[in-house]
Amino acid sequence: MNLNRSALDLWVGVFVAVGIAAILFLALKVGNLVNFGSVPGYRLEAHFDNIGGLKARAPVKAAGVVVGRVESIKLDPTSYQAVVTLRIDQGYQFTKDTIASILTSGLLGDVYIGLDPGGDPQMLADGGKVGKTQSGIVLEKLIGQFLFDKAATGSAATGGTK
Amino acid sequence: MLSAVANGFVSALRRIGGRTVTIVAWLGYATRFGAAVILETPAAFSRLSLTMREIYFSGVLSLVIILVSGLFVGMVLALQGYDVLQRYGAAESLGVLVALSLVRELGPVVAGLLFASRAGSAITAEIGLMKATEQLSAMEMMAVDPLARVVAPRFWGGIISMPLLAALFSTLGIFGAYLVGVKLIGIDTGAFWSNMQAGVDFRYDIVNGVIKSIVFGIAVSLIAVFEGYDARPTAEGVSTATTRTVVESSLAILGLDFVLTVFMFRGVG
């Protein structure tokens with residue numbers, strides 16, 4: 001291989017440029033970097049009795065539009081409530097009486113947080129706490145409750161005939 | 001009779017002990033060699049033209065096999081993935097399936113295996129032959145350090161090439177999946193890309209994939225230059241060293257991949 005210097009430099013340059021372009025393609029087109037980190041945001045806090053299957057990095061949606069992500073989930077050691085920190089993209093403001101609820105997209109889909117703004121003129125600021133929350137649904141509890149109710153009504157009915 | 005058995009037992013023990021000592025000594029030599037190569041890093045970058053030449057040989061000349069393999073791996077993934085996904089009515093998730101498997105695993109691992117057999121073996125054979133024809137000794141006699149002149153540029157050339165090759169592999173794979181999934185099977189273009197963008201995270205998936213490919217690049221390059229430098233200076237020795245490079249690199253890639261995956265992708269949130 002007797003390539004002269006300039007031809008070799010050219011090929012290596014093409015290789016490095018194409019490689020970097022591939023990384024950029026992965027980042028921008030596949031990973032959708034456009035709204036990652038670079039978008040400034042602020043934090044909100046919400047307390048839930050039960051978060052169900054919510055995980056960190058889950059989307060936060062308002063009217064179905066992704067407006068932020070779940071940053072962290074902790075347990076409050078005194079009230080035994082789950083403290084969920086939300087990172088909301090700058091530019092989205094929510095009213096003080098916003099309701100945060102834990103929802104599931106479809107029967108087996110991802111768990112996300114839905115925000116329903118109310119009519120309060122005041123807006124939540126950075127570090128603010130979402131006052132009203134609706135816990136996630138735990139399917140086992142729901143089934144258990146259903147069976148318990150069935151059993152209760154069944155025994156009441158038989159008790160009535162006696 | 002009894003003493004013969006005892007003698008056989010003792011000599012077997014002796015052989016096991018001898019082999020263990022040899023292996024541990026070899027491991028120590030390999031570590032010392034790795035440290036010496038890393039200490040020669042300034043040499044690789046102060047004489048950039050040497051490193052450029054190695055990027056050309058291990059990177060540019062590997063492009064064809066990497067690009068073609070990536071394209072076909074992506075196309076096969078799309079066909080197989082579609083076959084399973086459409087049973088559950090989730091054919092639109094093909095984009096995210098292909099993108100995640102390529103970016104997280106197949107890109108770094110398959111590109112690493114191809115790189116080990118295409119470029120790693122060539123590096124070992126070249127350095128081994130230099131040793132067999134006493135070119136390395138000649139350099140030492142002329143007060144040229146072969147670690148700085150021969151080994152360090154090849155080591156760094158491999159490390160620079162590997163992440164770029166892995167990224168190109170993933171990109172071509174996603175393009176192949178796009179060709180099969182959207183153009184051939186007829187999945188909606190918008191659903192293909194938007195599912196991919198919703199399911200792939202930059203920090204979590206892509207950066208971790210790039211870190212994997214850099215680690216594999218370091219492992220393959222180090223094994224290749226070490227086996228070449230350590231080769232017995234005979235024709236047979238060079239061939240054995242080349243084989244060892246491919247086998248050891250492949251095992252190292254698969255083992256490291258498991259360890260890295262455990263650390264990177266275990267139980268999020």
Side-chain angles (χ1 to χ4, degrees), chain A residues 1-39 51-59 61 64-66 69-74 82 84-85 105-113, chain B residues 48-63 66-67 70 88 90 95-96 98-100 102-103 107 111 157 160-175 177-178 193-207 209-210 213 267-269:
Chain A
M1 285 277 177
N2 51 353
L3 281 165
N4 54 24
R5 269 300 301 281
S6 62
L8 195 136
D9 284 359
L10 183 69
W11 278 112
V12 173
V14 168
F15 169 61
V16 173
V18 171
I20 290 172
I23 293 179
L24 278 180
F25 166 81
L26 291 177
L28 296 175
K29 182 81 184 178
V30 179
N32 207 12
L33 186 61
V34 190
N35 52 9
F36 166 79
S38 57
V39 172
I51 57 164
L54 189 74
K55 289 189 176 72
R57 299 193 321 121
K61 297 182 183 179
V65 181
V66 178
R69 302 225 163 247
V70 172
E71 196 171 69
S72 66
I73 301 169
K74 285 189 294 286
V84 179
T85 311
S105 51
L107 194 60
L108 301 166
D110 289 338
V111 180
Y112 65 96
I113 288 191
Chain B
L48 205 59
S49 63
L50 286 178
T51 310
M52 290 277 267
R53 190 178 158 277
E54 296 314 321
I55 296 177
Y56 178 79
F57 280 119
S58 56
V60 177
L61 296 184
S62 306
L63 268 180
I66 290 280
L67 296 183
Y88 302 99
V96 66
V98 171
L100 281 185
L102 277 170
V103 169
I160 294 169
S161 303
M162 184 52 217
L164 300 174
L165 291 174
L168 281 167
F169 186 94
S170 302
T171 306
L172 260 285
I174 288 168
F175 178 65
Y178 170 79
W193 289 112
S194 70
N195 267 327
M196 192 187 292
Q197 290 172 353
V200 180
D201 185 67
F202 175 72
R203 237 283 317 137
Y204 184 64
D205 296 317
I206 294 174
V207 171
V210 172
S213 60
V268 197

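Below, read A as the first sequence line, B as the second, and so on, with proteins coming before strands; counting in each chain starts at 1.
For a residue to count as touching a neighbouring chain, one of its non-hydrogen atoms must lie under 4.5 Å from one of that chain's; by this rule A/Leu54 does not touch chain B. With a 4.5 angstrom heavy-atom cutoff, B/Leu168 touches chain A via backbone and side-chain atoms both. For chain B, no part of A/Val14 is nearby; none of its heavy atoms comes within less than 4.5 Å. For chain B, the nearby parts of A/Val16 are the backbone and the side chain; heavy atoms of each come within less than 4.5 Å. Contacts between A/Ile73 and chain B at a heavy-atom distance below 4.5 Å are absent for every atom of the residue.
Rounding to the nearest 0.5 Å places CG of A/Leu26 at 9.5 Å from CZ of B/Phe202. Remark: A/Asp9 CG to B/Met52 CE distance equals 4.0 Å, nearest 0.5 Å. The structure places CZ of A/Phe15 at 5.5 Å from CG of B/Leu63, a figure rounded to the nearest 0.5 Å.
For the residue pair A/Ala22 and B/Thr171, the shortest heavy atom distance occurs at CB-OG1, 3.3 Å. Contact detail for A/Trp11 and B/Val60: the closest heavy-atom pair is O-CG2, 3.7 Å.
Other residues, nucleotides and ligands contribute more than 12 heavy atoms inside 6.0 Å of the CZ atom of A/Phe25.
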